[in-house]
Amino acid sequence: MSKTSLFSTIAEREAKNLSPVTLAFLGDAVYSLFIREKYVLEADYPSGTLQKLTAGEVSAHGQNIALERIKNLFTEEEEAIFKRGRNAKKPTHSKHATISEYNNSTGFEAVLGYLYLTGQYKRIEELLEGE
């Protein structure tokens, strides 16, 4: 097993060979951290307020809304990763989102996971700040 650390990176070809659901698993954490950090730095909210503020944004429905604002910014490569994630067979489904929202959010997360693993942190910022 290889040693991992925060901000470990892999080659783009390696990342492309990972399951899009695996990329989405990591991308979900990337997006959640981005949203949580945004609210923590915005004001000194109590933890319960932070949970309420972030819950809607990190949900499949919230991610689908974010996707609509940034999908036109995707490169061809990011679009291809998004489509792989959106179309991937998933072991679960959302109880609180439509099938379309859930599929789109998985594609959105796959893009973020891919960018994170390949060390493209500035690109993540560009996309998420563009929303």
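Since we're looking at a predicted model, the values are computed, not measured.
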Peer 1: When rounded to the nearest 0.5 angstrom, what distance separates OG in Ser32 from CD in Glu109?
Peer 2: 10.0 Å
Peer 1: Out of curiosity, Asn104 CG to Arg86 CZ, how far, rounded to the nearest 0.5 Å?
Peer 2: 6.5 Å
Peer 1: Show your reasoning for whether side-chain contact (heavy atoms from CB on, under 4.5 Å) applies to Leu26 and Thr22.
Peer 2: CA-CA 7 Å; Leu26 185 57; Thr22 299; over 6 Å; no
Peer 1: Hey, what do you get for OG (Ser8) to OH (Tyr116), rounding to the nearest 0.5 Å?
Peer 2: 7.0 Å
Peer 1: To the nearest 0.5 angstrom, please state how far the CG atom of Leu23 sits from the OG1 atom of Thr106.
Peer 2: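 The OG1 atom of Thr106 is 11.5 Å from CG of Leu23, to the nearest 0.5 Å.
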Peer 1: So which heavy atom on Thr49 is nearest to which on Tyr45, and how close?
Peer 2: CG2-CD2, 3.7 Å
Peer 1: Counting distance only, does the side-chain N/O of Tyr121 pair as donor-acceptor with the main-chain N or O of Phe7 below 3.5 Å?
Peer 2: yes
Peer 1: Once salt bridge (Lys or Arg N to Asp or Glu O under 4.0 Å) is applied, do any residues pair with Glu78, and if so which ones, sequence neighbours excluded?
Peer 2: Arg123
Peer 1: Could you go through the side-chain contact (heavy atoms from CB on, under 4.5 Å) check for Leu117 and Leu18 one step at a time?
Peer 2: CA-CA 11 Å; Leu117 279 178; Leu18 290 173; 3.5 Å; yes
Peer 1: Are Tyr114 and Phe25 connected into the same hydrophobic cluster when the rule is that any two of I, L, V, M, F, W, Y join if their side-chain heavy atoms are below 4.5 Å apart?
Peer 2: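 In one cluster with Phe25: Tyr114, no.
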Peer 1: Do other residues, nucleotides or ligands put more than 12 heavy atoms under 6.0 Å from the NZ atom of Lys38?
Peer 2: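 Buried by this count: over 12 neighbours within 6.0 Å.
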Peer 1: Are Tyr39 and Ile35 packed together at the side-chain level, in the sense that at least one heavy-atom pair is separated by less than 4.5 angstrom?
Peer 2: yes
Peer 1: Just wondering, are more than 12 heavy atoms of other shown residues or ligands nearer than 6.0 Å to CG in Asp44?
Peer 2: no
Peer 1: Looking at Glu42, I want to see if its CD is surrounded by more than 12 non-hydrogen atoms of other residues, nucleotides or ligands under 6.0 Å.
Peer 2: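 Yes, because the 6.0 Å sphere around CD of Glu42 holds more than 12 heavy atoms from other groups.
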Peer 1: Checking side-chain contact (heavy atoms from CB on, under 4.5 Å) for the pair Leu128/Leu112: CA distance, chi angles, key distance, verdict?
Peer 2: CA-CA 9 Å; Leu128 297 182; Leu112 295 179; 4.2 Å; yes
Peer 1: Just checking Leu41: does its CG atom have more than 12 heavy atoms from other residues, nucleotides or ligands closer to it than 6.0 angstrom?
Peer 2: yes
Peer 1: Determine whether Val30 and Leu115 make a side-chain contact, defined as any pair of heavy atoms from C-beta on separated by less than 4.5 Å.
Peer 2: no
Peer 1: Would you name the heavy atoms of Ala15 and Thr118 that are closest together and state the gap between them?
Peer 2: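 Shortest heavy-atom contact: CB-CG2, 3.7 Å.
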Peer 1: Give, for atom CD of Glu101 and atom CD1 of Ile65, the distance between the pair rounded to the nearest 0.5 Å.
Peer 2: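 Here the interatomic distance stands at 7.5 Å.
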Peer 1: Compare all side-chain heavy atoms of Gln63 with those of Asp28 and state whether any distance is below 4.5 angstrom.
Peer 2: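 Yes, close enough: below the 4.5 Å cut-off.
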Peer 1: Where do Pro20 and Ala88 come nearest, in terms of heavy atoms and distance?
Peer 2: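 Nearest heavy atoms, Pro20 then Ala88: CG-CB, 3.7 Å.
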Peer 1: Pairs in or reaching into residues 8-19: which pass salt bridge (Lys or Arg N to Asp or Glu O under 4.0 Å), with residues at least two apart or in two chains?
Peer 2: Lys16-Glu77
Peer 1: Measure up the Phe74 and Phe82 rings against each other and bin them: parallel (under 30°), tilted (30 to 60°), perpendicular (over 60°).
Peer 2: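 Taking Phe82 first and then Phe74, their aromatic rings sit tilted (interplane angle of 30° to 60°).
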Peer 1: Would you call the rings of Tyr31 and Phe108 parallel, tilted or perpendicular, where under 30° means parallel and over 60° means perpendicular?
Peer 2: perpendicular
